[in-house]
Protein chains: 2
Amino acid sequence: MQVATSETAGIARWRQIADSLRADIAEGRLAGALPSEMRLAERFAVNRHTVRRAIAALSEEGLVTAARGRGTFVAPRPGRIAYPVGPRSRFSENIGAASREPGGSMVGATREPASAEIAGLLGCGIAAPLTRLELLRVADGAPVIVSTLWFEEARVPGMVAGFAETGSISRALETLGLSGCRRLWTRVSAIAADAHDAERLHCPLATPLIQTTSLTAAVSGEPVQYARSRFLGSRFELLFDHAVGTTTD
Amino acid sequence: MQVATSETAGIARWRQIADSLRADIAEGRLAGALPSEMRLAERFAVNRHTVRRAIAALSEEGLVTAARGRGTFVAPRPGRIAYPVGPRSRFSENIGAASREPGGSMVGATREPASAEIAGLLGCGIAAPLTRLELLRVADGAPVIVSTLWFEEARVPGMVAGFAETGSISRALETLGLSGCRRLWTRVSAIAADAHDAERLHCPLATPLIQTTSLTAAVSGEPVQYARSRFLGSRFELLFDHAVGTTTD
DNA sequence: CTGTGTTGTCTATTTGTATAGACAACTGAA
DNA sequence: TTCAGTTGTCTATACAAATAGACAACACAG
């Protein structure tokens with residue numbers, strides 16, 4: 001709720017106000033009618049036009065709709081999706097469980113040599129040929145997750161065609177005889193959306209994203225997939241249940 | 001690596017460049033000497049002065065040091081701390097395990113009535129008196145985590161004094177006969193640092209933060225603590241190990 | 001020592017952001 | 001119908017950001 005008064009840290013005041021209002025909407029602190037432009041201008045200690053600029057941005061994103069004479073209203077929009085993450089959690093099931101329509105598509109596929117990092121994780125040779133897939137996941141038609149997946153070609157061949165045929169990574173793995181794969185671990189950090197991801201996710205530049213990396217292994221324990229995903233922070237809350245005791249200690 | 005060319009989305013070009021370079025540094029893609037200002041200006045398709053402005057910001061943050069005639073260099077700085085999160089993971093142990101000096105202080109303590117949300121989580125009455133603590137955690141003297149903790153006073157009395165005496169939440173709980181507490185679950189999202197947290201964490205406004213909420217229970221299963229924490233995204237990577245199988249499915 | 005490369009500083013201009021004022025057009029309650 | 005409240009639009013000005021050019025000061029290799 002605070003807007004930097006003098007030093008703006010390179011972020012326009014209107015953008016700060018838009019971000020603040022967006023966060024309030026995401027956290028459920030703002031719903032229905034927004035305070036009037038004049039009220040918001042007082043609250044944020046800025047000129048009314050600056051508030052208008054912020055609201056215009058939110059309107060463009062579809063988060064609010066303004067009506068002359070009546071006010072500005074938060075558009076009906078689902079809150080954060082509680083997204084469970086575990087050894088076998090899957091996008092379609094999670095989204096379906098949240099009563100959203102899951103969907104997605106492959107937006108890129110390429111072949112590249114394994115970097116030292118990925119080689120170490122997948123247990124393959126440095127520079128071994130990898131298949132790299134770029135997936136865009138949507139919920140109710142809106143893009144929400146961008147993922148980059150890496151598979152070693154020798155061990156997991158034909159994933160591009162497999163995904164094209166089955167529309168699902170786990171089903172494509174199954175057709176390769178790799179059923180029962182499980183995620184070994186997930187690492188989570190937070191980043192700001194760059195122009196590339198912002199375009200894919202239809203969000204403003206520098207929107208906070210949850211970034212995860214994870215390693216998935218076959219039943220044998222052999223790593224089969226390394227993935228890096230970016231979730232819209234305002235749309236997701238990853239849920240890790242410690243009830244059975246995650247063995248980090 | 002892309003800077004918005006025409007429409008800046010309310011984020012100054014210098015800020016975008018600073019953010020991009022900061023991310024590269026955080027991900028280990030940039031170390032030692034940075035490309036020269038002229039080279040960076042070419043890469044980002046901006047005037048050299050704009051690059052200088054970005055570097056000035058990073059220099060202010062202590063991420064880089066510039067030397068006339070020699071170039072600009074990434075300051076020695078630890079990468080991301082892999083921070084395990086589980087039922088019993090604790091700040092001091094995690095930071096110590098990462099060979100950093102843990103520290104911290106209570107920066108705020110207040111009493112407030114339980115909101116419906118917190119009442120539901122802690123299993124107490126709405127408007128029941130809560131103790132709310134604000135903690136600032138540092139690693140090697142640098143602030144890295146801001147946490148807000150809530151305890152029901154009737155069940156967990158005197159936490160302010162307890163933390164003041166012991167310097168630790170878990171030890172304060174132990175003096176109340178609440179040993180063996182465990183975290184039941186952790187939820188993770190990503191937010192942008194507001195002016196308040198930015199000041200506490202000594203980071204630029206809107207820096208991406210990992211936000212977690214978690215519920216901790218006594219051995220009896222009775223909830224004793226609800227916490228909300230904000231971690232610097234560039235300094236942390238939360239690690240969730242699924243090896244034993246987190247029961248989210 | 002010279003020349004190339006790099007950062008640092010200064011001046012100037014253009015563009016974007018923020019502020020200000022005013023009025024139009026619409027809404028909804030009294 | 002009137003009036004207070006609200007958003008929408010237009011014009012104008014001040015300040016910050018971005019760009020441009022030039023030169024100084026330093027580093028380092030040949």
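Residue numbering restarts at 1 for every chain, and letters A, B, ... go by the order of the sequence lines. Scope of the values below: all heavy atoms of this structure, side chains included, with no hydrogens, waters or symmetry mates.
One interatomic measurement links the two molecules: CD of E42(B) to P of dG5(C), which rounds to 12 Å at whole-angstrom precision. Rounded to whole Å, the distance from CZ on R52(B) to C1' on dC23(D) is 13 Å. Here dG28(C) presents its P atom at 14 Å from CZ of R68(A), a figure rounded to the nearest Å. Note: CD1 (I55(B)) to P (dT9(C)) measures 14 Å, nearest angstrom. Rounded to whole Å, atom C1' of dA20(D) lies 11 Å from atom CE of M38(B). The CZ atom of F44(B) sits 13 Å away from the P atom of dT19(D) (whole-angstrom rounding). Taking atom CZ of R39(B) as the reference point, atom C1' of dT4(C) lies 13 Å away to the nearest angstrom. Counting to the nearest Å, the P atom of dT19(C) and the CH2 atom of W14(A) are 14 Å from each other.
Close to dT6(D), at under 4.0 Å from its OP1 or OP2, lies no side-chain N or O of T72(A). Within the structure, every side-chain polar atom (N or O) of N47(A) is placed at least 4.0 Å from both OP1 and OP2 of dA18(C).
If you check distances only, the side chain of R48(B) never reaches the base of dG21(D) with a donor-acceptor pair under 3.5 Å. For a distance-only test at 3.5 Å, the side chain of H49(B) fails to qualify as a donor-acceptor partner of the base of dG8(C).
Between F91(A) and Y83(A), the angle of the ring planes lies from 30° to 60°, which puts this pair in the tilted group.
For A66(B), the listed nucleotide lying nearest its side chain is dT7(C); candidates were dT7(C), dA20(D), dG28(C). The nucleotide whose nearest atom lies closest to any side-chain atom of V46(B) is, among dG28(C), dT19(D), dA18(D), dT19(D). The R70(B) side chain lies nearest to dC28(D) when the options are dA18(D), dC28(D), dT19(C).
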Item checked: Working for salt bridge (charged side-chain N to carboxylate O under 4.0 Å, His left out), residues D19(B) and R22(B) -> CA-CA 5 Å; D19(B) 287 349; R22(B) 192 186 298 107; 2.7 Å; yes
Next item on the list: Go through the steps to decide whether E134(B) and T148(B) satisfy the test side-chain hydrogen bond (donor to acceptor under 3.5 Å, both in side chains), and finish with yes or no.
Entry: CA-CA 5 Å; E134(B) 303 279 349; T148(B) 308; 3.0 Å; yes
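Place T50(A) and G71(B) on DNA chain C by their nearest nucleotides, and G71(B) ends up nearer the 5' end.
With salt bridges taken as basic N to acidic carboxylate O contacts below 4.0 Å, one links R132(B) and E112(B).
Using modelled atom types, one finds no donor on one side chain facing an acceptor on the other under 3.5 Å when comparing T186(A) with S214(A).
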